[in-house]
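Reading through the structure tokens given below for one structure.
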Number of protein chains: 2
Amino acid sequence: MDLIAPVGQQIRDRRQFLRITQGDLAEIAGVSLRSLIDIERGKGNPGIHQLMKILDVLGLKIEISNKG
Amino acid sequence: MDLIAPVGQQIRDRRQFLRITQGDLAEIAGVSLRSLIDIERGKGNPGIHQLMKILDVLGLKIEISNKG
DNA sequence: CCACAATACGCATTATATTGCATATTAAAT
DNA sequence: ATTTAATATGCAATATAATGCGTATTGTGG
């Protein structure tokens, strides 16, 4: 049931592209390092707020679209 | 702090387009009617699983994209 | 190899979402 | 206008996410 794994991967990819650590991203986004780690790893079930705080810092956003 | 209001609105729009009730959608998606109501209204902070269960039934999906 | 930084995980605590129930409000149909 | 369905809200109970701490593992530069 690893529904958010792809989302976590995208977050990680983008973070690494920007060359910032999990610790820094977590602090800037205002979430715990622990939470960010879990999200990147596709663990758990983050709230949409939590997710948006992180995406915001990375210059990303959530979109709803039709399924292929 | 109504971050998910637009998401809720999209869910509602799509549901109404499909002419199903909140009760039916909630049941099919496997979430409580109460939760669906709150999400459509932009209240609270649903988990991504919760959200995906609903989007799935509606033939919608979450995408991560660059911010404009 | 060694030291240091970054990432990861188990566990307990705290914060918050989810749910059900009762009840209210709103909308639709006859 | 009356009845019935649909949508909405307050509240209490339960489930689950978020966090912090300690520690382990992995990665990286000297």
Side-chain angles (χ1 to χ4, degrees):
Chain A
M1 293 289 179
D2 219 356
L3 293 170
I4 72 143
V7 174
Q9 190 57 53
Q10 286 181 80
I11 288 173
R12 166 162 293 187
D13 290 347
R14 180 89 175 155
R15 175 179 63 78
Q16 290 178 337
F17 173 76
L18 296 173
R19 303 214 183 278
I20 56 180
T21 66
Q22 290 177 327
D24 287 344
L25 173 54
E27 182 169 8
I28 298 168
V31 306
S32 70
L33 170 59
R34 185 53 198 271
S35 285
L36 178 60
I37 288 174
D38 287 346
I39 291 171
E40 283 196 359
R41 293 240 122 197
K43 292 177 180 175
N45 174 26
I48 199 167
H49 282 165
Q50 192 84 348
L51 210 51
M52 280 178 167
K53 284 198 281 186
I54 295 165
L55 295 179
D56 234 42
V57 173
L58 297 173
L60 300 173
K61 66 174 185 200
I62 290 181
E63 270 185 353
I64 307 295
S65 61
N66 290 336
K67 246 194 295 193
Chain B
M1 294 285 185
D2 218 358
L3 293 172
I4 71 142
V7 175
Q9 191 56 54
Q10 286 181 80
I11 288 172
R12 167 163 293 187
D13 289 347
R14 180 89 174 155
R15 175 180 62 78
Q16 289 178 336
F17 172 76
L18 296 173
R19 303 212 182 280
I20 55 180
T21 66
Q22 291 177 325
D24 287 343
L25 173 54
E27 181 169 8
I28 297 168
V31 306
S32 69
L33 170 58
R34 185 53 197 272
S35 285
L36 178 61
I37 288 173
D38 287 346
I39 291 171
E40 283 196 0
R41 293 240 121 198
K43 292 177 180 175
N45 173 27
I48 200 168
H49 282 166
Q50 192 84 347
L51 210 51
M52 281 179 167
K53 284 198 281 186
I54 295 165
L55 295 179
D56 233 43
V57 173
L58 297 173
L60 300 173
K61 65 174 184 196
I62 289 180
E63 270 183 352
I64 307 296
S65 61
N66 291 334
K67 245 194 295 194

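Since we're looking at a predicted model, the values are computed, not measured. Computation of the quantities below employed the complete heavy-atom set of this structure, encompassing side-chain atoms and omitting hydrogens, waters and symmetry-equivalent molecules. First the proteins, then the strands, lettered A, B, ... as listed; each starts at 1.
- Between the two ends of the helix from C:dC1-D:dG30 to C:dT30-D:dA1, each summarised by a five-pair axis, the helix axis turns through 70° (rounded to 10 degrees).
- Heavy atoms only, all atoms of each residue included: B:I4 and B:K43 are closest at CD1-O, 4.0 Å.
- Checking the phosphate oxygens (OP1, OP2) of C:dT18, no side-chain nitrogen or oxygen of B:S32 falls inside 4.0 Å.
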### Task
Would you check, one step at a time, whether the test side-chain contact (heavy atoms from CB on, under 4.5 Å) holds for B:L25 with B:V31?
CA-CA 9 Å; B:L25 173 54; B:V31 306; over 6 Å; no

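- One N or O on the side chain of B:N45 and one on the backbone of A:I48 form a donor-acceptor pair closer than 3.5 Å.
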Write out a two-atom table: protein N or O, nucleotide N or O from nucleotides 28-30 of chain D, distance below 3.5 Å.
none

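- Only B:Q50, listed by number, bring a heavy atom of residues 50-64 of chain B to less than 4.0 angstrom from any atom of DNA chain C.
- Atom CD of B:E40 sits about 13.5 Å away from atom CZ of B:R14, to the nearest 0.5 Å.
- D:dA8 atom P lies 13 Å from atom CG of B:L25, rounded to whole Å.
- Here the P atom of nucleotide D:dA18 and the CD1 atom of B:I48 are 11 Å apart, to the nearest Å.
- To the nearest angstrom, C1' of D:dT7 lies 16 Å from CG of B:D13.
- Taking a 6.0 Å sphere around CD of B:E27, one finds it holds 12 or fewer heavy atoms contributed by other residues, nucleotides or ligands.
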Give the table of side-chain donor-acceptor pairs shorter than 3.5 Å for residues 52-68 of chain B, with sequence neighbours excluded, one pair per line with atom names and distance.
from	atom 1	to	atom 2	distance (Å)
B:K53	NZ	B:G30	O	3.2
B:D56	OD1	A:K67	NZ	2.9
B:K67	NZ	A:D56	OD1	2.9

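- Looking at heavy atoms from C-beta onward, A:V7 lies out of side-chain contact with A:I39 at the 4.5 angstrom threshold.
- Rounded to a whole Å, the NE2 atom of A:H49 is 12 Å from the P atom of C:dT16.
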Please list each protein N or O that sits under 3.5 Å from an N or O in nucleotides 5-9 of chain C, with the distance.
from	atom 1	to	atom 2	distance (Å)
C:dT7	OP1	A:R15	NH1	2.9
C:dT7	OP2	A:Q22	N	2.8
C:dT7	O5'	A:Q22	OE1	3.3
C:dA8	OP1	A:R12	NH1	3.2
C:dA8	OP1	A:R12	NH2	2.9
C:dA8	OP1	A:R41	NE	2.9
C:dA8	OP1	A:R41	NH2	2.9
C:dA8	OP2	A:R12	NH2	2.6
C:dA8	OP2	A:Q22	NE2	2.7
C:dC9	OP1	A:K43	NZ	3.4
C:dC9	OP2	A:K43	NZ	2.4
C:dC9	O5'	A:K43	NZ	3.4

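- Here the CZ atom belonging to A:R41 is positioned 9.0 Å from the CD1 atom belonging to A:I37, to the nearest 0.5 angstrom.
- How far CG of B:D24 is from CG of B:L18: 11.5 Å, rounded to the nearest 0.5 Å.
- B:Q9 meets the side chain to side chain contact (heavy atoms under 4.5 Å, CB included) test with B:R12, B:D13; sequence neighbours excluded.
- How far CD1 of B:I28 is from CG of B:L36: 11.0 Å, rounded to the nearest 0.5 Å.
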